[in-house]
Amino acid sequence: MNKQMNEQELLACFDDAVRFGHIFVTYQPKINHSTGRMIGAEALMRWSHPVYGMQYPSDFIPVLEKNDLIYRADLAVFESVCSFLRRCLNVNITPVPVSVNMSRYDIYRKNYVDEIEKIRVKYDVPVKFLHVEVTETSAIGGMELVSSVLRQLHEYGYMVEMDDFGSGYSSLNVLKDLAVDVIKLDMRFLSGDIGGRGGTIISAIVQMAKWLGTPIIAEGVEKLEQADYMKSIGCKYIQGYLYSKPVKEEEYLEKINQLGHEPLTPALDLISAMDAGKFWDPSSMETLIFNNFVGGAVIYTYSNGKVEILRFNKKYVREIGMNMIEQEILDTDPFLGMDDKNRQIYKDALERAISSNDEETCETWRKVCSKTCGEDDICIRSFIRMIGKTDHQYLFYAMVQNITAEKRRFDEVLESERRMRFASEHANVYSWEVDLDTKIMRPCFRCMRDLNVPPIVQNYPEPVIESGIFTPDYADMYRDVMKKLERGEIDSFEQIMPLTVGRIPFYVRYTLERDENGNPLKAYGSATLVVDEEE
Ligand code: C2E
Ligand code: CA
Ligand code: CA
């Protein structure tokens, strides 16, 4: 007979339950859906009361948590798992790693990690056979505490799985702050509509996990089509009723036998190898290649008009960061350094990338500031691509180039041109340049404005002679000068000539520019109005 116990009954029976093993463990396999082999299992707590029958976690765990007893149940589960693994090892069965749940209340217990470690040592189980599942909601109590618990677990060598990812509390950003080794994505939180909103969120998370190089396990998978869909977007690890309900020890051993097992590997495939998470592992070969042959790259999220950097490579630091240290870059909102105009330019590019699903480019100025170098203005050209999205958040990949020097040179040219115009306006100077190889002439704006010369003149000087700017009686002499410049026979030329049909006297000058071998390149011409001082 099964009867759900109330709080009083649960509390009254708890000591006995622990002592007499009424609280026991069931195992649910985790499967590689591509091969059908087992990659691990999760230990799930059950309570079988001698009179009331089977009790389920949803009924008694909240009660134990509320009464500060959950840690005792969890330690009992951990011990039972260690004991099981030891028995396997004793009869030469290579066990698959078992993950044990850690309540968020366990995190508040100072010595919890030391306590489980003591149990592991007592049973002499290699740490590689034990994983710890920490639920995403643990982060509610503050990142620092969870981070330090994860650090402790890692120090002892436990792999950490983030449980219930997608349950709503955290965004993708939690992933970068918490060093988890495996992500468990609960399909039940994203019920039903795989083709719609749920599917978009799922694929963004899988994408993100790939970028981080973190394997991802879909749990609560009941239907084959769910498993196939997950595999199609790059998540081949499955836990759920589709393969097996949680089962008792004996049945679990049969399953290992029947299915076979293999190790869990990061979610990388060849196609995505170039952009996958290994690039963020500082010791990998990919990182070496990435850092040396690819330019500055950054991954960030964009939501509600805000950008948050998740990852960047070394060249990114060089392109953008001056001497900023990594943390300074991660902490800097990239929009902060931009004025309204530049921020808008950048946002427009992001919006374009969202709607085009293609690479978009923009150039923006921003202020950067570092402890070592102080403040500076830099101009960045960004090539932006959207790589994932949820209903409220986008994930972007951007390659960046620092084009400040290029921009400044261009500005200098603009500035000198502006000064030239200003000067020529006052000095009545007309100027132009002739490419001697192609016979293409480019006039200054005054030539264009006053003399109707087009911006580019081919086959110079014929069209200008034809138009009458150079008068017919000077035409041959002028052609001759151009020829001499072309052949490099003269380096300069000066003469007063009547120009235009009005035969206005101008002082016409040429200067020749040669290349490094001494061959003629360009001729710079000018015409200055001759002012008769005596008039
Ligand atoms: P959980 O950690 O997310 O565990 C997965 C739950 O989903 C389990 O429920 C499992 O039986 C169930 N499940 C697995 N596949 C499917 C499926 O295809 N469809 C559906 N509908 N459900 C599936 P269970 O065993 O009832 O445990 C519920 C929760 O209780 C667990 O959620 C976990 O948060 C907690 N829990 C279980 N064992 C322990 C434990 O030893 N310690 C602690 N602190 N919490 C535990
Ligand atoms: Ca779990
Ligand atoms: Ca879960």
Side-chain angles (χ1 to χ4, degrees), residues 2 4 14 17-18 21-31 33 40-48 54-84 97-109 112-113 115-116 119 130-138 149 158-170 180-192 205 216-227 230 237-248 251-252 255:
N2 285 334
Q4 198 186 314
F14 181 71
V18 174
H22 301 155
I23 288 179
F24 66 100
V25 179
T26 56
Y27 296 86
Q28 186 175 35
K30 299 171 177 173
I31 308 285
H33 186 52
E42 176 174 8
L44 291 158
M45 196 190 304
R46 296 291 179 266
W47 183 340
S48 177
M54 190 65 112
Q55 310 294 311
Y56 284 90
S58 54
D59 300 320
F60 65 84
I61 286 184
V63 176
L64 297 182
E65 287 183 334
K66 193 175 127 200
N67 291 281
D68 204 16
L69 291 169
I70 187 66
Y71 78 95
R72 288 181 56 200
D74 280 343
L75 289 176
V77 165
F78 195 86
E79 176 145 12
S80 169
V81 170
C82 285
S83 150
F84 167 67
V98 174
S99 62
V100 183
N101 286 283
M102 185 167 170
S103 160
R104 66 189 179 97
Y105 292 86
D106 297 335
I107 287 176
Y108 303 135
R109 279 183 73 79
Y112 189 78
V113 177
E115 284 172 291
I116 62 167
I119 296 170
L130 288 159
H131 294 192
V132 175
E133 292 194 9
V134 178
T135 151
E136 189 197 39
T137 47
S138 305
V149 168
Y158 293 92
M159 291 253 271
V160 179
E161 306 192 8
M162 169 159 286
D163 204 358
D164 299 346
F165 193 79
S167 59
Y169 164 68
S170 68
V180 295
D181 307 293
V182 177
I183 294 160
K184 296 188 74 180
L185 182 60
D186 199 316
M187 302 294 283
R188 286 165 298 171
F189 294 125
L190 308 148
S191 58
I205 293 171
I216 186 160
I217 299 173
E219 61 175 335
V221 176
E222 296 180 356
K223 297 195 195 89
L224 182 61
E225 54 163 348
Q226 284 177 308
M230 290 310 292
Y237 297 132
I238 300 294
Q239 180 188 345
Y241 295 167
L242 172 66
Y243 278 98
S244 173
K245 292 203 165 179
V247 292
K248 291 189 184 167
E251 201 178 331
Y252 171 62
K255 291 234 181 252

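Just so you know, ligand 1 is whichever comes first in the structure, and atom 1 is the first atom listed for that ligand.
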Rounded to the nearest 10 degrees, what's the angle OE2 of E219 makes with OD1 of D164 at the Ca ion (ligand 3)? Could you check?
110°
Taking all atoms of both residues into account, what is the closest heavy-atom pair of Y243 and I238, and its distance?
CD1-CG2, 4.1 Å
Check for a donor-acceptor pair, side chain of N2 on one end and backbone N or O of M54 on the other, with a separation under 3.5 Å.
yes
Run the ring-ring contact (aromatic ring centres under 6.0 Å, His included) test against Y27 and tell me which residues pass, sequence neighbours left out.
F84, Y252
Do we see a donor-acceptor contact under 3.5 Å between the side chains of K184 and S99?
no
Test V134 against every option in D163, I107, D106 by the side chain to side chain contact (heavy atoms under 4.5 Å, CB included) rule and name the one that passes.
I107
What angle, to the nearest 10°, do the atoms OE2 (E42) and OD1 (N101) form about the Ca ion (ligand 2)?
90°
Passes side chain to side chain contact (heavy atoms under 4.5 Å, CB included), L69 versus V63? Steps please.
CA-CA 8 Å; L69 291 169; V63 176; over 6 Å; no
Is there any protein N/O under 3.5 Å from an N/O of ligand 1, and what does the full list of such pairs look like?
unit_1	atom_1	unit_2	atom_2	d
ligand 1	2 (O)	E42	OE2	3.1
ligand 1	2 (O)	N101	OD1	3.3
ligand 1	2 (O)	D163	OD2	3.1
ligand 1	3 (O)	D164	OD1	3.3
ligand 1	7 (O)	R188	NH1	3.3
ligand 1	7 (O)	R188	NH2	3.0
ligand 1	15 (N)	Q28	NE2	3.0
ligand 1	18 (O)	Y241	N	2.8
ligand 1	19 (N)	E222	OE2	2.5
ligand 1	21 (N)	E222	OE2	3.0
ligand 1	22 (N)	R188	NH1	3.0
ligand 1	22 (N)	Y241	OH	3.4
ligand 1	25 (O)	R46	NH1	2.9
ligand 1	25 (O)	R46	NH2	2.9
ligand 1	38 (N)	M45	N	3.0
ligand 1	42 (N)	D74	OD1	2.5
ligand 1	44 (N)	D74	OD1	3.1
ligand 1	44 (N)	D74	OD2	3.1

Step by step, work out the side chain to side chain contact (heavy atoms under 4.5 Å, CB included) result for M45 and D74.
CA-CA 8 Å; M45 196 190 304; D74 280 343; 3.4 Å; yes
Rounded to 10°, how big is the angle at the Ca ion (ligand 2) from E133 OE1 to D163 OD2?
90°
